[in-house]
Amino acid sequence: MTVSPYVLDEIDRLLLGLVQVDASRPLHELGEAVGLSPSAVQRRLVRLRAAGVIRAQVAVVEPRAVGASFTAVALVALADDDAAHHARFRERMLAEASVQQCFSIVGQWDYVVVLVTADLAAYRRVSRRLFVGDATAVRRYETLPAYETVKSGLSVPLEGAAG
């Protein structure tokens, strides 16, 4: 998905910084923090959503609280570099709930995939399904199990943002 850069003013940056930390804050609290009325805040947030600046509002679930305590990074190289192989691989990544993030990269690997599962055994089942066999078009993959989560988030750095 290609999104054109949106021209943000100082208040937009402040609001985005605040909602990246907690999108459930009431409009009046956001307004107090940025010096606007609740209705003005709402109009800005609607505009930012319509422009594609705000993609979604989600609840961030603690993985360990729901039994998903194993995180691994997989480096993946496809067997062929044609568009059809890449399209099928991407479709599988998008359809798999255990895949948290997937990046197409440049170099000896084609993709970096971040997966979260209940444990190592569950990871092995998922990785076999996603990365092993002729139907997957994966030539090789390497797993890097995470020992500890130091930082995990999706906030985008914004100069001058609150939060």
Side-chain angles (χ1 to χ4, degrees), residues 1-3 6 8 12-27 29-30 33-34 41-42 45-46 48-79 85-163:
M1 174 175 154
T2 303
V3 176
Y6 184 85
L8 302 171
D12 290 335
R13 291 179 195 285
L14 291 170
L15 274 175
L16 288 170
L18 292 167
V19 298
Q20 283 190 107
V21 172
D22 183 1
S24 69
R25 287 181 71 174
L27 293 173
E29 282 184 20
L30 293 171
V34 300
V41 168
Q42 184 174 25
L45 292 174
V46 166
L48 291 167
R49 283 186 200 97
V53 175
I54 297 175
R55 265 193 327 215
Q57 286 182 225
V58 299
V60 179
V61 176
E62 171 53 51
R64 293 179 306 246
V66 295
S69 58
F70 186 79
T71 300
V73 174
L75 303 172
V76 179
L78 298 186
H85 281 97
H86 283 274
R88 283 194 303 275
F89 181 82
R90 290 169 186 236
E91 287 171 14
R92 277 199 324 283
M93 296 305 103
L94 290 167
E96 176 57 52
S98 294
V99 173
Q100 299 301 294
Q101 297 180 5
C102 179
F103 302 95
S104 173
I105 60 171
V106 176
Q108 68 177 351
W109 301 99
D110 294 310
Y111 293 91
V112 173
V113 183
V114 179
L115 297 107
V116 175
T117 61
D119 52 30
L120 179 59
Y123 171 78
R124 286 183 175 158
R125 288 190 300 275
V126 170
S127 65
R128 279 191 202 110
R129 187 173 71 251
L130 294 177
F131 308 138
V132 177
D134 293 338
T136 68
V138 172
R139 179 181 46 187
R140 65 188 172 109
Y141 74 101
E142 182 176 333
T143 298
L144 305 167
Y147 174 70
E148 175 184 19
T149 300
V150 177
K151 180 179 181 180
S152 176
L154 295 174
S155 293
V156 175
L158 299 164
E159 190 174 314

Engineer: Grab the two heavy atoms, one from R92 and one from A135, that are nearest each other, plus how far apart they are.
Structural biologist: NH1-O, 4.1 Å
Engineer: Heavy atoms, side chains only, cut-off 4.5 Å: are S152 and T149 in contact?
Structural biologist: yes
Engineer: Would R140 and W109 count as a side chain to side chain contact (heavy atoms under 4.5 Å, CB included) if you check the C-alpha gap in whole Å, the side-chain angles of each, and the deciding distance to 0.1 Å?
Structural biologist: CA-CA 9 Å; R140 65 188 172 109; W109 301 99; 3.2 Å; yes
Engineer: For D110, what residues pass the salt bridge (charged side-chain N to carboxylate O under 4.0 Å, His left out) criterion, not counting sequence neighbours?
Structural biologist: none
Engineer: Sequence neighbours left out, what passes salt bridge (charged side-chain N to carboxylate O under 4.0 Å, His left out) with R128? Give chain and number order.
Structural biologist: none
Engineer: Side chain to side chain contact (heavy atoms under 4.5 Å, CB included), that's the test. Do L45 and L30 meet it? Break it down for me.
Structural biologist: CA-CA 11 Å; L45 292 174; L30 293 171; 4.1 Å; yes
Engineer: For R13 versus L158, what's the shortest heavy-atom pair and its separation?
Structural biologist: O-CD1, 4.2 Å
Engineer: If you draw a 6.0 Å radius around CD1 in I105, do more than 12 non-hydrogen atoms from other residues or ligands fall strictly inside?
Structural biologist: yes
Engineer: Could you tell me the separation between the CG atom of L48 and the CZ atom of R55, rounded to the nearest 0.5 Å?
Structural biologist: 14.5 Å
Engineer: Can you list everything that forms a side chain to side chain donor-acceptor pair (under 3.5 Å) with R25? Sequence neighbours excluded, please.
Structural biologist: E29
Engineer: Side-chain contact test, heavy atoms from C-beta onward, threshold under 4.5 Å: evaluate it for L130 versus Y141 and give yes or no.
Structural biologist: no
Engineer: Ignoring hydrogens and angles, tell me if any N or O in the side chain of T136 forms a donor-acceptor pair with the backbone of V138 under 3.5 Å.
Structural biologist: yes
Engineer: Side chains of residues 58-79: which donor-acceptor pairs under 3.5 Å do they make with residues two or more places apart or in other chains?
Structural biologist:
residue	atom	partner	partner atom	Å
E62	OE2	R64	N	3.3
E62	OE2	R64	NE	3.3
E62	OE2	R64	NH2	3.3
S69	OG	A118	O	3.1

Engineer: Flag the pair T143 / Y123 as yes when at least one side-chain heavy-atom distance between them is below 4.5 Å, and no otherwise.
Structural biologist: yes
Engineer: Looking at every heavy atom in both R139 and Q108, which two are closest together, and how far apart are they?
Structural biologist: NH2-O, 4.5 Å
Engineer: Can you give me every donor-acceptor pair (side chain of residues 95-103, partner residue at least two apart or in another chain, under 3.5 Å) with its distance?
Structural biologist:
residue	atom	partner	partner atom	Å
E96	OE1	R129	NH2	2.2
E96	OE2	S98	N	3.2
E96	OE2	S98	OG	3.3
E96	OE2	R129	NH2	3.3
Q100	NE2	A97	O	3.2

Engineer: Are the side chains of R90 and Y111 in touch, meaning some heavy atoms are under 4.5 Å apart?
Structural biologist: yes
Engineer: When rounded to the nearest 0.5 angstrom, what is the spacing between CD1 in I54 and CD in Q20?
Structural biologist: 9.0 Å
Engineer: Only counting residues at least two apart or in another chain, list the ones meeting salt bridge (charged side-chain N to carboxylate O under 4.0 Å, His left out) with E148.
Structural biologist: none
